[in-house]
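Bear in mind that the values here come from a model prediction, so they are computed numbers and not experimental data.
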Amino acid sequence: MSDQDNDQIQQRRRNLEEIVELGHAAYPHRFDQTRTISEVVSLYHMHAGRKEEAELESVNQILKEAEGGVIRLAGRIMTMRTMGKAGFAHLSDGRGALQVYMRRNDLGEDGWSLYQRLDLGDWVGAEGYLFITKTGELSLHVTRLSFLTKALLPMPDKYHGVQDKEIRYRRRYVDLIAAGAVGEREPEQLTTREVFERRATIIREIRHFFDSRGYIEVETPMLSPLATGAAARPFVTHHHALDITLYARIAPELYLKRLVVGGFDKVYEINRNFRNEGISYKHNPEFTMLEWYQAYSDYDDLIDLTQELMTGLVDKVCGTRRVVFKEHVIDFDHWRRMTMREAVLAHWPDDATRPTLEGLMERAQLEEAAASIDLSFDPRLNNGQLLGEIFEKLVEPHLIHPTFITEFPTDLSPLSKQKADDPRFVDRFELYIANMEVANAFSELNDPLEQKRRFEEQAGQRDRGDEEAMVMDEDYIRALSHGMPPTAGEGIGIDRLVMLLTNQHSIRDVILFPHMRPETKG
RNA sequence: GGGCCGUUAGCUCAGUCGGUAGAGCAACUGGCUUUUAACCAGUGGGUCGUUGGUUCGAGUCCAACACGGCUCACCA
């Protein structure tokens, strides 16, 4: 839409010119605050509220002396109400808002002239003293007004904010500005700003969790000559100086395990992965992944650690173990655990066609089972992959409460260690909450010869057209050949976790600048 | 990629049966020195997503396209 020449924009330009003519810098360099707005609000809001005249007077006497009688603060103008030769406005520092009161008598001719040329959205500094208005609101009685920056574009509706999701995603800055002023909001619904503040808290707490347990945070390549460690199509780029193809990483997994070989027995990394795949409410082309690896542990240890991590996060950011998500109340006090095959059998819709436990590893029964639940599948899928498909179709939609699914087929898990008593399966789990895969963990395969065999199997699948099958990583085999101790590793999708803990139903609502098709002009 | 829905003033939204484009907020002018979704009186503001078609006449009906949302599929 044309932001260029509407009357409001022209008016704002004129106001800026006139402010400059009054002697103000158009874009001043700094402003000294004595307090931020949110500090003032949290320190003095307890005085707010309607009062008898006598009490009001005495409270205001005290407030006038507060902070030495001079408070200077800065913020963006969110609302303005002028009545003749005085006016009220709300200034916001993003986190909190404070009402300011300005009178011609106090500001003088120059200050009042500036006031008259202010627009919604402008940044100003205000100096004055605190008081409570007749209607009981904590306010700053301004004695000096400073111009800080003009907003040349008009603000969104002060009451409704921005409803258009496209604008909210494309112009997150507008969404963030408007979110503070939205009137129609459920009390428990977070503002955009609160969602991202909570996201920051979650990530901070995760770091604290691992740091305090002796894990070391590392950063491994995001650009790498091989895209491996997961099953996904990569983004491809080119390095000019080296004249080589590089891939944006799809997972840090193999690098992190090289570090375990090197003696970092507890490592973690929080960073972006990139997958060149579809976009949906739970998929963004780049997403934030937590991965950690610990020596001398197996996947069972990680089940305990995962519960500890998750319940700690839930306590910290939600304040309750019963977390509202969509129409569900997710109970983080009860964690279920079942094998993939048990889950399939438990959710089988029809007693007559229910396969047997062993049948779920046999070709004929698997195909029969798939047919009876109307699952169409690629015949090139191996047995494990087919079981995985059946699981996803049948079980995943029912997994609302935290559920660890264990005993994955080896076919589906090229980097996992086989079960000691049944090589058809690996020691692995995925954690499902609210129909989303939130975590994936396993005992790491550390037998270099078996790993090489698995890679070769993957290469075979690749040759048969599976673009997502893993590629051989010779150096990783070499690393394993130097000896990796028994190790368990896990990955948690941070964006999905944030969705859960902020009750946001689209991954785009927890990513500040989600990917979208470029805006087309005209 | 399929299905459904949406796109009208800076923002939030109406727009009947196809007959001169509407409201609230925001803006402008005037009034008001404790208001608060301030109020009162007045004014201006539109390529109705784009292109084409049907029609005497299209915001409205039809088609294609663009962008977005939801959903299914794909995708761990």
Quiz prompt | Side chain A:Asn6 and base B:G10 donor-acceptor under 3.5 Å | solution = no

Practice problem: Using the C1' atom on both, measure B:G22 against B:U29 and round to a whole Å. | Solution: 23 Å

Practice problem: May I ask you to say whether A:Lys257 pairs ionically with A:Glu444, meaning some side-chain N is under 4.0 Å from a carboxylate O? | Solution: yes

Quiz item: Is there a donor and acceptor pair closer than 3.5 Å between the side chain of A:Asp157 and the base of B:G24?
Solution: yes

Quiz item: Which atoms form the tightest heavy-atom contact between A:Phe196 and A:Asp509, and what is the distance?
Solution: CZ-O, 3.6 Å

Quiz item: Taking the same atom, C1', in B:G69 and in B:A26, what whole-Å distance lies between them?
Solution: 26 Å

Exercise. Name the residue closer to the 5' end of RNA chain B, choosing between A:Gly388 and A:Asp119 according to the nucleotide with the nearest heavy atom.
Key: A:Asp119

Quiz item: Just how far, in rounded Å, is P of B:A27 from CG of A:Leu118?
Solution: 12 Å

Self-check item: Any strand: nucleotide that pairs with B:G1 via Watson-Crick or wobble, under 3.5 Å
Solution: B:C72

Quiz item: Using atom C1' of each nucleotide, how far apart are B:C17 and B:A73 to the nearest Å?
Solution: 40 Å

Practice problem: Could you tell me which residues satisfy salt bridge (charged side-chain N to carboxylate O under 4.0 Å, His left out) with A:Lys417, sequence neighbours excluded, listed by chain and number? | Solution: none

Exercise. Please say which of A:Arg454, A:Arg428, A:Gln418 ends up in a side-chain hydrogen bond (donor to acceptor under 3.5 Å, both in side chains) with A:Ser413.
Key: A:Arg428

Quiz item: Less than 4.5 Å apart, any side-chain heavy atom of A:Met516 and any of A:Arg170?
Solution: yes

Quiz item: With a 4.0 Å cut-off on heavy atoms, is A:Ile279 in touch with a base, just the backbone sugar-phosphate, or nothing at all?
Solution: nothing

Practice problem: Report which part of the nucleic acid A:Arg50 touches: base, sugar-phosphate, or nothing (heavy-atom distance under 4.0 Å, all strands). | Solution: nothing

Quiz item: Is there a Watson-Crick or G-U wobble partner for B:U16 with both distances under 3.5 Å, and which nucleotide is it?
Solution: none

Quiz item: Could you give the NZ-to-P distance, from A:Lys393 to B:A76, as a whole number of Å?
Solution: 18 Å

Exercise. Using the C1' atom on both, measure B:C56 against B:G30 and round to a whole Å.
Key: 46 Å

Quiz prompt | Watson-Crick or G-U wobble partner of B:U7, both distances under 3.5 Å | solution = B:A66

Quiz prompt | Phosphate-side-chain proximity, A:Arg81 and B:A38, N/O vs OP1/OP2 below 4.0 Å | solution = yes

Practice problem: Return the value, rounded to whole Å, for the distance between atom CZ of A:Arg517 and atom C1' of B:A66. | Solution: 9 Å

Quiz item: Between B:A9 atom P and A:Ile9 atom CD1, what is the distance in whole Å?
Solution: 14 Å

Quiz item: Can you find an N or O donor on one side and an acceptor on the other, under 3.5 Å apart, linking the side chain of A:His160 with the base of B:C11?
Solution: no

Exercise. May I ask you to say what A:Ala232 touches in the nucleic acid, namely base, sugar-phosphate or nothing, with a heavy-atom cut-off under 4.0 Å?
Key: sugar-phosphate

Practice problem: For B:G68, take OP1 and OP2 only and decide whether either is under 4.0 Å from a side-chain N or O of A:Arg170. | Solution: yes

Quiz item: How close or far is atom P of B:C32 from atom CG of A:Asn105, stated in whole angstroms?
Solution: 14 Å

Practice problem: Could you tell me if the ring centre of A:Tyr101 sits under 6.0 Å from that of A:Phe88? | Solution: yes

Quiz prompt | Along RNA chain B (nearest heavy atom to each residue), the more 5'-positioned of A:Asp106 and A:Tyr169 | solution = A:Asp106

Quiz item: Between B:U20 and B:G3, how far is it from one C1' atom to the other, in whole Å?
Solution: 39 Å

Quiz item: Going by modelled atom types, is there a donor-acceptor pair between the base of B:A27 and the side chain of A:Gln11 at under 3.5 Å?
Solution: no

Practice problem: Would you indicate what A:Asn440 reaches in the nucleic acid, counting non-hydrogen atoms under 4.0 angstrom: base, sugar-phosphate, or nothing? | Solution: nothing

Quiz prompt | Candidates B:C32, B:A76, B:C70 - which lies nearest the side chain of A:Lys85 | solution = B:C32

Self-check item: Options B:U34, B:U35, B:A27, nucleotide nearest the side-chain atoms of A:Ser139
Solution: B:U35

Quiz item: When we call it a touch if two heavy atoms are under 4.0 Å apart, what does A:Thr82 touch: a base, just sugar-phosphate, or nothing?
Solution: base

Exercise. Would you kindly give the CD1-to-C1' distance between A:Ile77 and B:A26, to the nearest whole Å?
Key: 14 Å

Quiz item: Now, which nucleotide makes the Watson-Crick or G-U wobble pair with B:C61, with each of the two distances under 3.5 Å?
Solution: B:G53

Quiz item: To the nearest Å, how far apart are A:Ile177 CD1 and B:A26 C1'?
Solution: 15 Å

Quiz item: Would the number of heavy atoms belonging to other residues, nucleotides or ligands and lying under 6.0 Å from CD of A:Glu57 be above 12?
Solution: no

Quiz item: Side-chain donor or acceptor of A:Glu166 under 3.5 Å from a matching atom on the base of B:U7?
Solution: no

Practice problem: Could you work out which one of B:C25, B:A76, B:U33 sits closest to the side chain of A:Lys158? | Solution: B:C25

Quiz prompt | Touch class at under 4.0 angstrom, heavy-atom based, for A:Phe131 against every strand present | solution = base

Practice problem: Starting at atom NE2 of A:His141, determine the distance to atom P of B:U35, rounded to an integer number of angstrom. | Solution: 14 Å

Exercise. Begin from the C-alpha positions of A:Lys282 and A:Arg496 and carry the test side chain to side chain contact (heavy atoms under 4.5 Å, CB included) through to its verdict.
Key: CA-CA 7 Å; A:Lys282 51 181 171 180; A:Arg496 290 178 181 180; 3.9 Å; yes

